[in-house]
Amino acid sequence: MRSLKEYKIIAEKRLQEIIPEIAHGVFEKDQIPYLLSESMRYSVLAGGKRLRPAMLMAACEMLGGNIDDALDFACALEMIHTYSLIHDDLPGMDDDDLRRGRPTNHVVFGVGQAILAGDGLLNMAFEVMIEKALSLTNAHDRALLAMGEIAKGAGVTGMIAGQCADLYSEGRSDTGEDMLTYIHRGKTMAMFVGAMRAGARLAGADDIALKAVTDYAVAFGLLFQASDDVLDVTADQTLFGKSKGKDARDGKLTAVSMYTLEGAKKKVEDYLNQAKASLECFGDSAAFFITLADQVAHRDH
Ligand code: GRG
């Protein structure tokens with residue numbers, strides 16, 4: 001069994017290759033403009049926990065698939081996740097100036113270039129997946145199904161829907177628990193579900209296995225967001241790597257504003273138990289996911 005750290009190293013090495021470094025000042029035919037490559041690399045290679053790519057690869061391996069088939073899909077997912085962070089930080093969205101412990105993309109490159117860095121990462125993610133899918137000559141169907149899972153998680157009924165509801169709810173007093181759950185399911189959970197289901201699809205998983213990994217990802221996503229909301233209140237700013245206390249300042253609907261700090265902590269433990277129970281059917285082969293859920297529930301950043 002591999003660890004989160006091993007998956008992180010594998011994904012980061014491949015991401016370095018996928019988005020090439022271009023010499024300063026170069027704009028050449030059929031090549032990424034240097035400025036775009038620099039701004040995309042700035043955010044994608046800025047660190048990050050790499051949870052989603054690790055979960056995609058681990059799900060694939062747990063279900064008997066091959067990590068070489070999964071790696072490019074995992075990197076594409078991380079590129080999509082990074083685009084969402086860049087766009088979320090823009091002045092027209094969450095308006096933040098700190099991400100992954102660094103100034104946000106638009107602070108360094110300007111708003112216009114930051115929008116393009118996000119667009120570039122999103123579009124290129126699909127180029128990467130299509131190229132990999134075409135190379136998997138005996139598994140085109142699996143690759144297409146995996147791409148579909150990722151597109152759905154990131155899409156207009158997934159992450160983008162959650163972000164839409166989040167912006168809608170800001171400062172409103174007529175939204176409650178249902179809206180909070182809708183936002184968390186979309187913004188946070190959908191990409192974890194996409195990760196796990198894509199990994200499972202690449203392994204050729206049957207319906208029973210697909211249901212088990214989906215149940216885990218749902219509980220994990222809710223656990224992750226509730227613990228993130230707790231950390232927004234309790235974390236050490238340096239370790240957290242993004243602006244602390246911002247949710248409350250922006251009048252955001254969060255697990256803490258809805259359930260109180262103690263209530264949100266209780267939610268974390270409930271989701272943790274649900275996540276672990278979902279993968280009982282896989283026994284020891286699910287050890288990566290059991291450890292991961294424990295780590296995320298009890299993290300300090
Ligand atoms: C712009 C379409 C669009 C969506 C933005 C990702 C996102 C949706 C908003 C960021 C704010 C937020 C609280 C999102 C919920 C998901 C989340 C906690 C993302 C951060 O994920 P981590 O902690 O980040 O895995 P790293 O940096 O470790 O990859």
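Atom set for the values below is all heavy atoms of this structure, side chains included, hydrogens, waters and symmetry mates excluded. Indexing begins at 1, ligand by ligand and atom by atom, following the structure's order.
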Legend entry - Residues that K265 engages under salt bridge (Lys or Arg N to Asp or Glu O under 4.0 Å), provided they are two or more places apart: E262
[X] side chain vs [Y] backbone, donor-acceptor pair below 3.5 Å:
X	Y	result
R102	G47	no
R41	Q16	yes
T104	H106	no
S227	A297	no

Counting each atom of ligand 1 from 1 as listed, which ones have a heavy atom of [X] under 4.0 Å away?
X	answer
Y83	2 (C)
I160	2 (C)
H87	1 (C)

Inset, instruction - Determine whether the side chain, the backbone, both or neither of H81 has a heavy atom under 4.0 Å from any heavy atom of ligand 1. - result: side chain
Inset, instruction - Classify the side-chain pair R197/T214 by whether it contains a donor and acceptor separated by less than 3.5 Å. - result: yes
Any N/O of [X] closer than 3.5 Å to an N/O of ligand 1?
X	value
R50	no
R52	yes
K49	yes

Given [options], identify the one with the heavy atom nearest to [atom].
atom	options	value
atom 6 (C) of ligand 1	S84, G155, A190	S84
atom 16 (C) of ligand 1	I80, D232, T188	T188
atom 29 (O) of ligand 1	K187, Q225, R100	R100

Inset, instruction - Apply side chain to side chain contact (heavy atoms under 4.5 Å, CB included) to L145 and list each qualifying residue two or more places apart in sequence or on a separate chain. - result: R201
